[in-house]
Amino acid sequence: AGIPFYAADRSGAHPLVIAGGPCTVNPEPMAPFFDAMIVGDGESVILEMARAYMDWQEGGGGNRRTLFKQWAAIEGVYVPAFFEPDYDSAGRQRLTPRISGYDHVSRAVVADLDQVAFPDAPIVPFGRPVHDRLRLEVARGCSRGCRFCQAGMIYRPVRERRPSHLMGLAERALAGTGYSDLSLLSLSTGDYSCLTPLMQQLTDQYADRRLAVSIPSFRAGTLTPEMMDLIRQVRKTGFTIAPEAGSDRLRAVINKNISEAEIVETVSTAFDLGWQLIKLYFMIGLPTETEADLSAIVDLVRRLKKCRPCNSKRARINVSVATFIPKAHTPFQWSQQIAPDCAREKIEWLRRKLKMGGVQFKWQDPETSLLEGLFARGDRGMAALLTQAYQQGCRFDGWSDTFDFPAWQKAFDQCGIDPAAWMKQETDPDAPLPWDHIDTRVAKPFLKNEYERAVTETATPDCRQDDCQGCGVCDFEQVAPKIAAQQEPSHAAGFSGRPDAAGAANSDTRDHVQVFYTKLGRARYFGHLELVNIMIRAIGRAGIAMAFSGGYHPKPKIVFEDALPLGVESMSESFRMTADQSVNCGRLIVDVNAQLPEGLTVTDCRHVFEKAAGREPETYVYRICLEETAFDQSRLQAFWAAPSFEMTRRTKKGKPKTIDLKQLVREMQLLSPQCLWLRLAGGSGASVRPAEVLRQVFAVSETALCRAGIVKLPPSETPDAAMGCSCK
């Protein structure tokens, strides 16, 4: 965008650049790039910053330092320019405050999640993002106290949203998005005190919409039979558990207080209830890890493999392994990280040992883990490293096919950074750390004590079920744990549900309609699957209840015509839909069009009989206009004169298949030197795309095809009616 990387190089003509998120608890590796960084919960902070900015602008703007001082006075805002880095004789970074009274930044904490705004009308993308579903944060914070887990430390205390509030958010967000998938998110959703009754009410409330409610991962030992029975009523994909370590001993070191027996019981129950995929996550290189702990991973997987039903060949286990990375503000922030060579050796040993039927082994690239470790505990020197790596051509490093570690190694050399030295150091608990000026509210003595308890394999109990462990976060006046079951005891006891929610709508009330629409302009670049999602969600937002199929994976009863090739416009598309209610076609056209993006327009709606709704068009008609070249009349004549006109294409399995275009091209004539009218065979037999006809018959180049205007017309369209085409 032409914006200088470093904040110090930017002028008043450049935008202000602000960061947030969990990585800001050690902001130093990225600090030189940002004007300000938000540490902690951002809901209130960003509003205060916006108000300060507007006041500053109304006062004439001017020197940004004035604005930055106002921001620095807001709890949770870090202004890197107000801290001067220096280094001691050991090369450790020390920061000197530049303004009086601003020597540390305290993490911002939202005390009550029910009192802050929640995005209950999120933007729904046309394409498919990674998490293509509605997401509701049921709670923030975790009190389990896993010693490797940064999130578990920096999001304290536990704050749960009330179930009644969540139901209101779900109602508004589902109506506003048209989603049929909902994820209940938190650091440990299985610990949410009202999870079972919340799941029950969501299942009952949205039974007619077949809402799929999912929980990202489960903690072994927390799943009750009642909860698992609720989960099995919706779509079952993968069942994820993170033992983190193979042995009970090492799990005691990291305070992951689940036993092997609990893991086995949970996995066994999941298999018995019909799950086909179990995902297991482990770490290698944890503090005090031994060869016996590594062997324990293999032994545990073998034992879990025996939990698979005897008659199930599809059931499998995915094992994922990543290198342990010490993180700032955790008890293990003083620990070592193993070198990539050592990590690769451990991964290769596990890969060989876990080469068994029904088990798939995955791992994170050790070099990627090395970089993550550098930036997790680095100081401001890492900013120069990142800039140098960018200049070496490093891009999209999260993808293995574009990750260029040799380029990073060049950047290490040019910046004088020795990664091995950073990984090997086991820091003195009393030595300064690059992130000491960031106060996450978790007391450093507590972290030191947890580090010592790890060495002695001593467990620290969960403060939700036990006494306060003295981490220092809560003042028990404004900041304290908020447990939903204590705020709404009636919800903790359970929901009665709607009396009519158990079954789908009666088949007598179902209505079958065929909906016609156009796909023009920029909408021609929607792929078919994107188009289907856009339509289904628009129908949902329009308040039309669709009928669903049965089985484990209910799908809306909607059937689209043959998929249009990408880039082809259409004046005549349709789909057939079964609704769980009587449909007013005029109302449907108005309501659905109000929810569709530019280029998609519903033009007609007709009631159809269910048995007659499956007919496919006998032919498809197209108008094709070339932009920079012309159709060759002699080639058209040669096509019609030939007794056959064969072309060869590859099947999905790569085998050659020959078809005769003369059997599929019903009509074809020139409307002008640049415009062609084409009628192709439809139905369920062999078919051909317009682009294939242009390549084979007229030898149109790929470049010309990409720039061609191809429009699908109604089947009744004639060449005379298409004469007035506009070749754009």
Self-check item: Residues Asp379, Arg92: salt bridge by 4.0 Å N-O rule
Solution: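 No.
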Practice problem: Flag the pair Glu450 and Arg453 as a salt bridge only when some basic side-chain nitrogen lies within less than 4.0 angstrom of an acidic carboxylate oxygen. | Solution: yes
Are the side chain of [X] and the backbone of [Y] linked by a donor-acceptor contact shorter than 3.5 Å?
{"X": "Gln150", "Y": "Ala328", "result": "yes"}
{"X": "Arg251", "Y": "Ala245", "result": "yes"}
{"X": "Glu160", "Y": "Ala484", "result": "yes"}
{"X": "Ser335", "Y": "Pro326", "result": "no"}
{"X": "Arg107", "Y": "Thr440", "result": "yes"}
{"X": "Arg377", "Y": "Gly373", "result": "no"}
{"X": "Ser193", "Y": "Ala485", "result": "yes"}
{"X": "Arg147", "Y": "Val253", "result": "yes"}
{"X": "Tyr192", "Y": "Arg161", "result": "yes"}
{"X": "Asn26", "Y": "Ala376", "result": "yes"}

What are the two closest heavy atoms between [X] and [Y], and how far apart are they?
{"X": "Arg541", "Y": "Gly176", "value": "CD-O, 3.0 Å"}
{"X": "Ser183", "Y": "Arg133", "value": "OG-CD, 2.8 Å"}
{"X": "Leu374", "Y": "Leu385", "value": "CD1-CD2, 4.5 Å"}
{"X": "Val109", "Y": "Pro157", "value": "CG1-CD, 4.4 Å"}
{"X": "Thr66", "Y": "Trp56", "value": "CB-NE1, 4.3 Å"}
{"X": "Val79", "Y": "Phe68", "value": "CG2-O, 3.7 Å"}

Practice problem: For Asp181 and Asp132, run side chain to side chain contact (heavy atoms under 4.5 Å, CB included): C-alpha distance rounded to whole Å, both residues' side-chain angles, the deciding distance at 0.1 Å, then the answer. | Solution: CA-CA 8 Å; Asp181 292 77; Asp132 193 21; over 6 Å; no
4.5 Å side-chain heavy-atom contact, [X] and [Y]:
{"X": "Phe82", "Y": "Pro97", "value": "no"}
{"X": "Tyr206", "Y": "Ser180", "value": "no"}
{"X": "Asp397", "Y": "Thr368", "value": "no"}
{"X": "Val442", "Y": "Ile154", "value": "no"}
{"X": "Ile417", "Y": "Met382", "value": "yes"}
{"X": "Pro287", "Y": "Tyr451", "value": "no"}
{"X": "Met153", "Y": "Val25", "value": "no"}
{"X": "Pro481", "Y": "Cys474", "value": "yes"}

Quiz item: When you look at CZ of Arg98, are more than 12 heavy atoms from neighbouring residues, nucleotides or ligands closer to it than 6.0 Å?
Solution: yes
Quiz item: Does Tyr53 OH have over 12 foreign heavy atoms under 6.0 Å away?
Solution: no
Out of curiosity, [X] [atom1] to [Y] [atom2], how far, rounded to the nearest 0.5 Å?
{"X": "Cys194", "Y": "Ile483", "atom1": "SG", "atom2": "CD1", "result": "9.5 Å"}
{"X": "Leu185", "Y": "Ile215", "atom1": "CG", "atom2": "CD1", "result": "10.0 Å"}
{"X": "Leu370", "Y": "Phe375", "atom1": "CG", "atom2": "CZ", "result": "10.0 Å"}
{"X": "Arg156", "Y": "Cys463", "atom1": "CZ", "atom2": "SG", "result": "6.0 Å"}
{"X": "Leu136", "Y": "Leu166", "atom1": "CG", "atom2": "CG", "result": "6.0 Å"}
{"X": "Asp462", "Y": "Cys142", "atom1": "CG", "atom2": "SG", "result": "7.0 Å"}

Self-check item: salt bridge (Lys or Arg N to Asp or Glu O under 4.0 Å) partners for Arg94, two or more places apart
Solution: Asp88
Quiz item: Name the one of Asp41, Asp114, Asp112 that satisfies salt bridge (charged side-chain N to carboxylate O under 4.0 Å, His left out) with Arg159?
Solution: Asp41
Practice problem: With sequence neighbours excluded, give me every side-chain hydrogen bond (donor to acceptor under 3.5 Å, both in side chains) pair touching residues 166-179. | Solution: Asp120-Arg172
Practice problem: Any side-chain hydrogen bond (donor to acceptor under 3.5 Å, both in side chains) involving residues 466-483? Give me the pairs, sequence neighbours left out, ordered by first then second residue. | Solution: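 Sorted pair list comes back empty.
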If a pair satisfies salt bridge (Lys or Arg N to Asp or Glu O under 4.0 Å) and one of its residues is in [range], list it, with sequence neighbours excluded.
{"range": "residues 5-32", "value": "Arg10-Asp35, Glu28-Arg380"}
{"range": "residues 63-81", "value": "Glu75-Arg441"}
{"range": "residues 186-203", "value": "Arg144-Asp191, Asp191-Arg464"}

Quiz item: Could you walk me through whether His165 and Leu113 pass the side chain to side chain contact (heavy atoms under 4.5 Å, CB included) check?
Solution: CA-CA 10 Å; His165 185 64; Leu113 297 182; over 6 Å; no
Practice problem: Would you please indicate yes or no on a ring centroid separation below 6.0 angstrom for Phe83 and Tyr78? | Solution: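 Yes - the distance between ring centres of Tyr78 and Phe83 falls below the 6.0 Å cut-off.
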Practice problem: In sequence, state the C-alpha distance, the side-chain angles, and the governing distance for Met167 and Ser164, and then conclude on side chain to side chain contact (heavy atoms under 4.5 Å, CB included). | Solution: CA-CA 5 Å; Met167 289 302 299; Ser164 58; 5.8 Å; no
Practice problem: Evaluate the criterion side chain to side chain contact (heavy atoms under 4.5 Å, CB included) for residue pair Glu530 and Phe126; output intermediate values, then yes/no. | Solution: CA-CA 6 Å; Glu530 292 171 342; Phe126 299 141; 5.7 Å; no
Exercise. Assess the side chains of Asp591 and Gln595: does a donor N or O sit below 3.5 Å from an acceptor N or O?
Key: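 No, no side-chain donor-acceptor pair sits under 3.5 Å.
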Quiz item: How are the rings of Phe33 and Tyr6 set relative to one another: parallel (under 30°), tilted (30 to 60°) or perpendicular (over 60°)?
Solution: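 The rings of Phe33 and Tyr6 sit tilted, inter-plane angle from 30° to 60°.
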Quiz prompt | Tyr390 six-ring centre to Arg395 NZ/CZ under 6.0 Å and within 45° of normal | solution = yes
